[in-house]
Undergrad: 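Attaching a single structure in structure tokens format; questions to follow.
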Amino acid sequence: MTRENPAARPSHVATAPLIGAGALILFALIVVAAARLSVPEISSGPTGEPLQSRDLRFSDGANGAVLVHDASTGAAVDTIAPGANGFLRTSLRALVRHRKLHGVGAEPPFRLVAWADGAVWLMDPATGKRVNLRAFGDGNAKSVAYLMTANGATQ
């Protein structure tokens, strides 16, 4: 019985699957490139003058509450109960995380801005970061927009 040397055997690689995989990768690259080039430029933010704005400070309260104060007067605007208004909490976490990355503390206020087109933005003038709240649905935008006119209520 003779043994064959495995290294001496010719390598038979199926070329059809390799050509197919290469074609699939090329097709994916073309589709992605076409999509990226055909998407209209997205506006970096609203234009024109805001209808209304309010500078707010947020701080942690007892048992997980969020305290909201008017930055110009220091007056209490709202106390958001623990577990309430998860959308606002999530939006604030994202902005605060961005502040930490840029070495900005809690002192500068955030700005809530309402625009003529109905958009509501939560902005951080200290870092330039902003969140278009309406992009997450009108209900989510309204869950934060009430702070524009709130005056000491508790949610």
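Note that this is a predicted model, so its numbers are computed, not measured. Count residues from 1 along the sequence. Below, each value reflects all heavy atoms present in this structure, side chains not excepted, and no hydrogens, waters or symmetry copies.
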Undergrad: Spell out, yes or no, whether Val68 and Tyr146 are grouped together once hydrophobic residues are joined by side-chain heavy atoms under 4.5 Å, including indirect joins.
TA: yes

Undergrad: Return the set of residues passing salt bridge (charged side-chain N to carboxylate O under 4.0 Å, His left out) with Arg89 (not counting sequence neighbours), or none when no residue passes.
TA: none

Undergrad: Donor-acceptor pair, distance only, cut-off 3.5 Å: does the side chain of Arg57 make one with the backbone of Glu107?
TA: yes

Undergrad: Are side-chain heavy atoms of Leu56 and Leu147 found at a separation under 4.5 Å?
TA: yes

Undergrad: For the residue pair Ile80 and Asp78, establish whether any side-chain heavy-atom pair is separated by less than 4.5 Å.
TA: yes

Undergrad: Output yes when a side-chain donor or acceptor of Arg130 lies under 3.5 Å from a complementary backbone atom of Pro125, and no otherwise.
TA: no

Undergrad: Around atom CZ of Phe136, are there more than 12 heavy atoms of other residues, nucleotides or ligands at under 6.0 Å?
TA: no

Undergrad: Measuring only between side-chain heavy atoms, which start at C-beta, is Val113 closer than 4.5 Å to Val120?
TA: no

Undergrad: Taking a hydrophobic cluster as the set of Ile, Leu, Val, Met, Phe, Trp and Tyr residues connected by side-chain heavy atoms closer than 4.5 Å, whether directly or through intermediates, do Phe58 and Phe87 fall within one such cluster?
TA: yes

Undergrad: Quick one: does Trp115's side chain get under 4.5 Å of Leu51's, heavy atoms only?
TA: no

Undergrad: Is there a path from Val96 to Val144 through hydrophobic residues (I, L, V, M, F, W, Y) whose side chains come within less than 4.5 Å of each other?
TA: yes

Undergrad: How many angstroms lie between OG in Ser53 and CE in Met148, if you round to the nearest 0.5 Å?
TA: 7.0 Å

Undergrad: Tell me yes or no: between the side chains of Asp124 and Thr127, is some donor less than 3.5 Å from an acceptor?
TA: yes

Undergrad: So do Leu133 and Ser91 actually touch side chain to side chain, heavy atoms under 4.5 Å?
TA: yes

Undergrad: Provide the closest heavy-atom pair for Ala65 versus Pro82 in the form atom of the first, atom of the second, distance.
TA: N-CG, 3.9 Å

Undergrad: Output, in order, the C-alpha distance, side-chain angles, deciding distance and verdict of salt bridge (Lys or Arg N to Asp or Glu O under 4.0 Å) for Arg54 and Asp70.
TA: CA-CA 7 Å; Arg54 187 176 197 182; Asp70 186 292; 2.8 Å; yes

Undergrad: Any side-chain heavy atom of Phe110 sitting closer than 4.5 Å to one from Arg99?
TA: yes

Undergrad: Distance from Thr149 atom OG1 to Leu112 atom CG, nearest 0.5 Å?
TA: 9.5 Å

Undergrad: Ignoring hydrogens and geometry, is there a side-chain-to-backbone donor-acceptor pair from His98 to Ala94 under 3.5 Å?
TA: no

Undergrad: Which heavy-atom pair separates Ala119 from Asp117 by the least distance, and what is that distance?
TA: N-OD1, 2.9 Å

Undergrad: If you round to the nearest 0.5 Å, how far is CZ of Arg93 from CG of Leu88?
TA: 10.0 Å

Undergrad: Could you walk me through whether Val66 and Thr79 pass side-chain contact (heavy atoms from CB on, under 4.5 Å), step by step?
TA: CA-CA 6 Å; Val66 175; Thr79 299; over 6 Å; no

Undergrad: Verify, without hydrogens or angle tests, whether Arg134 (side chain) and Lys142 (backbone) share a donor-acceptor contact under 3.5 angstrom.
TA: no

Undergrad: Would you say the side chain of Leu122 lies within less than 4.5 Å of the side chain of Leu95, judging by non-hydrogen atoms?
TA: yes

Undergrad: Measuring from atom OG1 of Thr73 to atom CG of Asp55, what distance do you get when rounded to the nearest 0.5 angstrom?
TA: 10.5 Å

